[in-house]
Student: 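Input: one structure, supplied below.
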Protein chains: 2
Amino acid sequence: MISENDKIAQIRFGENLKKLRIERGLSYRKMAYTCSVDNSKISKIEKGRVNITLNTMLQLAEALQIHPSELLNY
Amino acid sequence: MISENDKIAQIRFGENLKKLRIERGLSYRKMAYTCSVDNSKISKIEKGRVNITLNTMLQLAEALQIHPSELLNY
DNA sequence: TTGATTGCGGACTTTCTAGACCGCATTTAT
DNA sequence: ATAAATGCGGTCTAGAAAGTCCGCAATCAA
């Protein structure tokens, strides 16, 4: 079951992801191209609509060329 | 589909989790008690047998009383 | 102003996590 | 020697993530 706190965490994570992506001048599609995560999925993650898994996080970090832990530094 | 790299990442994550848990003198069951993650699940995570989600990571971090990003600092 | 790019959401199938519980062999305490 | 604690694996259901593709309005570029 998804608690309210969980949703908030997802939204925060998404906001941070968006910030990092924009900083690098990447569009959803460009980013998707380099990390095998579909562009629509990236949109959903940034909007806090999914409870992302570790492996997906690592793929995003690779596309952004950052250390995975940075995704949680917010 | 779970790639070989994914499995390796899960195993690394698990090893780090184990280190952090042991450092705090917590058993599976004690830790489970404070984070509503079943003790058998913690075992599976430490063994790299599951692709944990963000929310579960946050619960583990809370039980360990660390910042979530530390779970990825390995 | 035409064409491309972008953000974002819907829909669908497959695969796997979450969550809860059981059991047991081994280690650790009493 | 006995009891408790611990590590760790298995099993089952429900629901959600992964993965893939379509579509469209709005913005941007030629």
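Here is the naming used below: chain letters follow the sequence lines, and residue numbers restart at 1 for every chain.
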Student: Would you mind telling me which residue lines up with the more 5' stretch of DNA chain C, A:Ser27 or B:Asn55, judged by nearest nucleotide?
Tutor: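 Upstream on the strand: A:Ser27.
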Student: Would one find a side-chain N or O of B:Lys30 under 4.0 angstrom from OP1 or OP2 of D:dT6?
Tutor: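 Checking D:dT6 against B:Lys30, a side-chain N or O does come within under 4.0 Å of OP1 or OP2.
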Student: Among side-chain atoms of B:Gln59 and B:Ser36, is any donor-acceptor pair under 3.5 angstrom?
Tutor: yes
Student: Would you call B:Leu26 and B:Leu64 a side-chain contact if the rule is heavy atoms closer than 4.5 Å?
Tutor: yes
Student: Taking CG from B:Asp6 and C1' from C:dC16, how many angstroms apart are they, rounded to a whole number?
Tutor: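 To the nearest whole Å, that distance equals 12 Å.
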Student: All N/O contacts under 3.5 Å from nucleotides 22-30 of chain C to the protein, with atom names and distances to one decimal?
Tutor:
none

Student: What are the two closest non-hydrogen atoms of A:Asn73 and B:Ser69, and how far apart are they?
Tutor: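 Closest heavy-atom pair between A:Asn73 and B:Ser69: OD1-OG, 3.3 Å.
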Student: In terms of side-chain heavy atoms of A:Arg21, which of D:dA17, D:dG9, C:dG7 is nearest?
Tutor: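 It is C:dG7.
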Student: Without decimals, in angstroms, what is the distance between B:Ile42 CD1 and C:dA18 C1'?
Tutor: 13 Å
Student: Could you tell me whether the side chain of A:Lys44 has a donor or acceptor atom within less than 3.5 Å of a complementary atom in the base of C:dG10?
Tutor: yes
Student: Counting only heavy atoms not in A:Tyr33, do more than 12 fall under 6.0 Å of its OH?
Tutor: no
Student: Out of D:dA17, C:dG9, D:dA18, which has the shortest distance to the side chain of A:Asn51?
Tutor: D:dA17
Student: Using atom CD of B:Glu15 as one end and atom P of D:dC8 as the other, report the distance to the nearest whole Å.
Tutor: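 So the two atoms are 12 Å apart, to the nearest Å.
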Student: For nucleotides 27-30 of chain D, print each protein N/O atom paired with a nucleotide N/O atom at under 3.5 Å, atom names and distance only.
Tutor:
none

Student: Which whole-number value in Å describes the distance from A:Met57 CE to C:dT17 P?
Tutor: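 Taking atom P of C:dT17 as the reference, CE of A:Met57 is at 15 Å.
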Student: Measure from CE on B:Met31 to C1' on D:dG7 and round the result to the nearest Å.
Tutor: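 Checked: the CE to C1' distance equals 14 Å.
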Student: Is a side-chain N or O of B:Asn51 found less than 3.5 angstrom from the main chain of A:Asn55, in a donor-acceptor match?
Tutor: yes
Student: Taking NZ from B:Lys41 and C1' from C:dA20, how many angstroms apart are they, rounded to a whole number?
Tutor: 10 Å
Student: Say whether, by atom type as modelled, one donor and one acceptor occur between the side chain of A:Asn16 and the main chain of A:Tyr74 under 3.5 angstrom.
Tutor: no
Student: I want to check one thing: is the phosphate of C:dG10, taken as OP1 and OP2, less than 4.0 Å away from some side-chain N or O of A:Arg49?
Tutor: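 Result: yes.
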Student: What residues, two or more places apart in sequence or in another chain, satisfy salt bridge (Lys or Arg N to Asp or Glu O under 4.0 Å) together with B:Lys19?
Tutor: B:Glu23
Student: Does a side-chain N or O from B:Thr53 land closer than 4.0 Å to OP1 or OP2 of C:dA18, or not?
Tutor: yes
Student: In Å, rounded to the nearest 0.5 Å, how long is the span from CD of B:Glu62 to CE of B:Met31?
Tutor: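 Taking CD in B:Glu62 and CE in B:Met31, the distance rounds to 11.0 Å.
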Student: Please round to the nearest 0.5 Å and tell me the distance separating atom OG1 of B:Thr56 and atom CD1 of B:Ile42.
Tutor: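 Those atoms lie 10.5 Å apart.
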Student: Under a 4.0 Å N-O cut-off, is there an ion pair linking A:Lys18 with A:Glu15?
Tutor: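 No, this pair does not count.
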Student: Counting only side-chain nitrogens and oxygens, does A:Lys47 get under 4.0 Å of the OP1 or OP2 atom of C:dC8?
Tutor: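 So the side chain of A:Lys47 is within the cut-off, an N or O lying under 4.0 Å from OP1 or OP2 of C:dC8.
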Student: Without decimals, in angstroms, what is the distance between B:Gln10 CD and D:dA18 P?
Tutor: 12 Å
Student: Using atom OH of B:Tyr28 as one end and atom P of D:dG10 as the other, report the distance to the nearest whole Å.
Tutor: 13 Å
